[in-house]
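Have a look at the structure below, then the notes.
Only a predicted model underlies this, so the values are computations on that prediction, with no experimental measurement involved.
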Amino acid sequence: QVQLVESGGGLVQAGGSLRLSCAASGRTISTSGMGWFRQAPGKEREFVAAISWSGGTTLYADFVKGRATISRDNAKNTVYLQMNSLKPEDTAVYYCAGTLLPVAVGSGSRYNYWGQGTQVTVSS
């Protein structure tokens, strides 16, 4: 059983940056593809970014390309999402998720475990 705990969310002004972290416990995630998703009030959950087990492959949603970087440190059992040039429309709860597949996956249905989320609020 893997537990994921996100941190690093908060209130930031438009144009600012945040680095989200996702710490895993219970077992190693070093063989798992990992991803970040978000859900804004009244909207469906959407894919943000994903990374393969080795970090060699990454995927990004079009709305964050060029503004976000997903990375991982398997020794620390942790995944990160660096977000720059934040916009008010980036306001959402951000969730970390893991899949039993070793690849980067964009579909939420392929993920097997989820964190509780961390709130990101971007003010204009």
Side-chain angles (χ1 to χ4, degrees):
Q1 191 79 358
V2 177
Q3 291 80 44
L4 301 176
V5 178
E6 302 93 337
S7 62
L11 175 64
V12 63
Q13 288 188 332
S17 299
L18 281 176
R19 188 195 196 200
L20 306 182
S21 298
C22 171
S25 62
R27 73 166 184 82
T28 180
I29 58 169
S30 62
T31 58
S32 296
M34 300 294 295
W36 286 94
F37 292 77
R38 72 184 188 185
Q39 187 167 21
K43 295 187 178 181
E44 294 188 352
R45 182 184 65 198
E46 60 182 353
F47 168 74
V48 178
I51 188 167
S52 62
W53 72 275
S54 67
T57 302
T58 55
L59 297 174
Y60 295 95
D62 286 344
F63 58 77
V64 294
K65 281 183 179 177
R67 300 191 296 124
T69 302
I70 187 171
S71 61
R72 65 190 301 160
D73 185 337
N74 286 338
K76 294 183 178 180
N77 230 26
T78 301
V79 179
Y80 306 96
L81 182 68
Q82 175 72 42
M83 297 190 66
N84 303 318
S85 301
L86 284 161
K87 306 174 182 179
E89 51 263 45
D90 292 320
T91 295
V93 177
Y94 284 71
Y95 297 92
C96 175
T99 173
L100 296 178
L101 302 172
V103 297
V105 179
S107 171
S109 64
R110 306 301 297 273
Y111 285 84
N112 304 97
Y113 38 93
W114 296 79
Q116 293 300 305
T118 185
Q119 176 71 47
V120 171
T121 303
V122 184
S123 63
S124 57

Locate the shortest heavy-atom distance separating [X] from [Y]; write the atom from each residue and the value.
X: Ala14; Y: Pro88; value: CB-CD, 4.1 Å
X: Ala104; Y: Thr57; value: CB-O, 3.9 Å
X: Ser17; Y: Gln82; value: CB-NE2, 3.8 Å
X: Met34; Y: Cys22; value: CE-SG, 4.4 Å
X: Tyr113; Y: Thr99; value: OH-O, 4.0 Å

For the [atom1] atom of [X] and the [atom2] atom of [Y], what is their distance to the nearest 0.5 Å?
X: Leu18; Y: Thr118; atom1: CG; atom2: OG1; result: 8.5 Å
X: Arg27; Y: Ser32; atom1: CZ; atom2: OG; result: 4.5 Å
X: Glu89; Y: Ser124; atom1: CD; atom2: OG; result: 10.0 Å

Under 3.5 Å donor-acceptor, [X] side chain and [Y] backbone:
X: Glu6; Y: Cys96; value: yes
X: Arg72; Y: Ser52; value: yes
X: Ser21; Y: Tyr80; value: no
X: Thr91; Y: Val122; value: yes
X: Asn74; Y: Ser54; value: no
X: Asn77; Y: Ala23; value: no
X: Asp73; Y: Thr78; value: no

Treating Ile, Leu, Val, Met, Phe, Trp and Tyr as nodes and any side-chain heavy-atom pair under 4.5 angstrom as an edge, say whether [X] and [Y] lie in one connected cluster.
X: Tyr94; Y: Val79; answer: yes
X: Phe47; Y: Trp114; answer: yes
X: Leu11; Y: Val93; answer: no
X: Tyr95; Y: Trp36; answer: no
X: Leu100; Y: Val103; answer: no

With a 4.5 Å heavy-atom cut-off, do [X] and [Y] have their side chains touching?
X: Pro102; Y: Thr31; answer: no
X: Ser25; Y: Val5; answer: no
X: Thr69; Y: Tyr60; answer: yes
X: Phe63; Y: Lys87; answer: no
X: Leu101; Y: Tyr111; answer: no
X: Val120; Y: Arg38; answer: no

side-chain contact (heavy atoms from CB on, under 4.5 Å) partner of Val48, the single match among Val64, Ile70, Leu59, Leu20: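 Testing Val48 for a side-chain contact (heavy atoms from CB on, under 4.5 Å) against Val64, Ile70, Leu59, Leu20 leaves exactly one candidate, Val64.
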Over 12 non-hydrogen atoms of neighbours within 6.0 angstrom of CZ in Arg67: yes
Atom CD of Gln116: over 12 foreign heavy atoms under 6.0 Å: no
Salt-bridge criterion met for Lys65 and Asp62 (N-O under 4.0 Å):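 Judged by the 4.0 Å cut-off on N to carboxylate O distance, Lys65 and Asp62 do form a salt bridge.
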